[in-house]
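Structure first, then comments.
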Amino acid sequence: MSEPPMVSFENVTKRYGSLTVLDGLNLTISRGEKVAIIGPSGSGKTTVLRMLMTLETIDGGVIRVEGEPLTHTERQGRLVPANLAHIRKVRAKIGMVFQSFNLFPHMTALHNCMEAPVKVLGLSRAEAEARAADLLEMVGLSNRRDYYPSQLSGGQQQRVAIARALAMRPRVMLFDEVTSALDPELVGEVLQVIRKLGEEHDLTMLMVTHQMGFAREFADRVCFFYEGRICEEGEPKAFFQNPQNERSRQFLRAVLEAG
Amino acid sequence: MGLRALAVLLTLTLATILYLSRLEDFRIFVPGLAQGALMTLRITAAAAVLAVLAAITAGLLKLYGPAPLRWLAVAYIEVFRGTSALVQLFWLYFVLPGFGITIEAYTAAVIGIGLNIGAYGAEVVRGAVVSVARGQWEATVALNMTRAQALRRIILPQAFAAMIPPWGNLLIELLKTTALVSMITLGDLAFRAQQMNQTTMKTAQIFTLVLLVYLAMSLTVTLGMRLLERRAARGILHARAA
């Protein structure tokens, strides 16, 4: 049998009160695949990432990571809600970078990257420091390791946040509009780091983005969300050159006009 | 008010106390009031420690405790915040012996005032913890930390900085509340003042001095809290690292 997909959403539904944010979502992501999620605001795209990170509960369906249900366990062929230990075990494979960085303001860049590896993975301080230092070098911030977040530019903060997430050695990285809070001139440095990460063939990446140019060049697949459903998905080139769906066409036209 | 202004005000107050205590009219009150001031300080210090411990415990239990402990925390906060400190002191000192529990006046004072201010403090703790940005919690989830790890290492250190200014208020409130202990036979500053007032009738001299001593104490508290606030802010905001 072939190996299970890295991540699969099976008929996942999310509601806030009477508002259905995601309506029976089915989405399968293979190991190492880079998927860009685009769509107008309110289309549920961020919710997809937040559910996978267990920041939101789901109201129906199941999410699997390498075949294993994320927030459920199978008992006698039925899915029942899992305990926290199970969720944490599966969740360990997932890392996330946020729009607003969410660095720990009372810790230096280095300590931001060391905290969870020491406390959660049980690394020694020396091991964690070596790992954090390597990652800060990878994101080009070796010379800022002892700076606090408030002393760093937005782009630098976001690069630290990427290093912090990678320090946990996730198999799947989620990027939630990670350049939306940045000044335009700082967007490039963050995308550069993500591009570099993309060269790692094993790392699965799922990103919600408004950077259409980046999605087009970087992603293996683009999913266009509209009103809680995937309206159209496909290879970036085909999607951007010749969108099939009327909604996609409208959206792309609006984005292009905005520049 | 800036740190420097506070320091100047405190120095002026102390100098005035020193100057007055050398004058003929005031001198005789100094030993008695000094004794009273010492008692006030002892009660304030002990009650402050109790208040902080009670506040952190009740504040966190109200937020994150299991149901029975959460209710207990809510009950504690509402009872001690919702009734007068004076009545609480009377109850501890005069009513509790009726149930076979007799405690010293000093102990009753520390417990009563500590728990009273602690109830207000619990809301300060709760508010400060809640005020930490939601994104901080989300980051701890994304890093797969446990709730306890998140609280101890990420949330509380940030909440701590937000708590300091309101705690400065509460500690001054606590200092002034200690004047009530004169009603349960303790010889604090206010008690000594009344006692001497009754025998000498030199109300102006006595209460001027007492006023200044209370002011000096509260200014010291304010100054200390400001210094603490500045240190904590350095940990969060970092104008520029050394």
Side-chain angles (χ1 to χ4, degrees), chain A residues 46 49-50 52-56 84-85 87-109 111-122 144-152 160-162 164-170 172-176 181, chain B residues 56 59-60 63-67 69-70 124-125 127-167 225 227-242:
Chain A
T46 286
L49 300 195
R50 293 177 57 82
L52 183 51
M53 196 67 261
T54 71
L55 294 170
E56 305 280 352
L84 197 58
I87 294 173
R88 289 189 69 221
K89 196 184 85 195
V90 182
R91 187 167 68 188
K93 297 173 183 171
I94 315 218
M96 183 162 180
V97 183
F98 300 88
Q99 178 177 359
S100 50
F101 328 137
N102 297 346
L103 289 179
F104 304 136
H106 57 302
M107 293 181 184
T108 62
H111 286 130
N112 262 280
C113 299
M114 286 171 61
E115 179 67 21
V118 170
K119 297 287 171 197
V120 178
L121 303 180
R144 294 286 187 276
R145 51 186 270 170
D146 296 323
Y147 283 50
Y148 286 87
S150 61
Q151 299 169 298
L152 299 171
V160 173
I162 293 172
R164 179 177 72 172
L166 290 171
M168 296 300 281
R169 301 261 163 94
V172 183
M173 277 285 276
L174 311 179
F175 295 89
D176 185 14
Chain B
I56 292 174
L60 290 182
L63 275 175
Y64 304 116
L69 288 177
R70 198 165 65 233
V124 166
V125 170
V129 169
V130 170
S131 77
V132 174
R134 204 179 54 155
Q136 293 290 308
W137 276 110
E138 294 184 348
T140 68
V141 170
L143 293 167
N144 215 8
M145 296 169 83
T146 63
R147 257 162 95 85
Q149 286 169 340
L151 200 59
R152 195 166 59 237
R153 303 280 308 171
I154 308 303
I155 306 301
L156 281 183
Q158 294 180 61
F160 179 68
M163 278 177 216
I164 296 173
W167 267 112
M225 293 307 277
L227 290 171
L228 201 62
E229 192 179 334
R230 212 159 67 154
R231 274 196 59 175
R234 221 174 281 153
I236 298 286
L237 300 168
H238 300 279
R240 195 81 207 169

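Below, each value reflects all heavy atoms present in this structure, side chains not excepted, and no hydrogens, waters or symmetry copies. Convention: sequence-line order gives letters A, B, ...; per-chain numbering from 1.
Using a 4.5 Å cut-off between heavy atoms, A/Gln99 does not touch chain B at all. Neither the backbone nor the side chain of A/Ile87 has a heavy atom closer than 4.5 Å to any heavy atom of chain B. At a 4.5 Å heavy-atom cutoff, the contact between A/Met168 and chain B is made by side-chain atoms alone.
Note that CE of A/Met53 and CD1 of A/Ile94 are 6.0 Å apart. Values are rounded to the nearest 0.5 Å.
The salt bridge (charged side-chain N to carboxylate O under 4.0 Å, His left out) test applied to A/Arg91 returns no partner, not counting sequence neighbours.
For A/Phe104, the CZ atom counts as densely surrounded, since its 6.0 Å shell holds more than 12 non-hydrogen atoms of other residues, nucleotides or ligands.
Screening residues 133-151 of chain B for salt bridge (Lys or Arg N to Asp or Glu O under 4.0 Å) gives A/Arg50-B/Glu138, B/Arg134-B/Glu138 as the qualifying pairs, with residues at least two apart or on separate chains.
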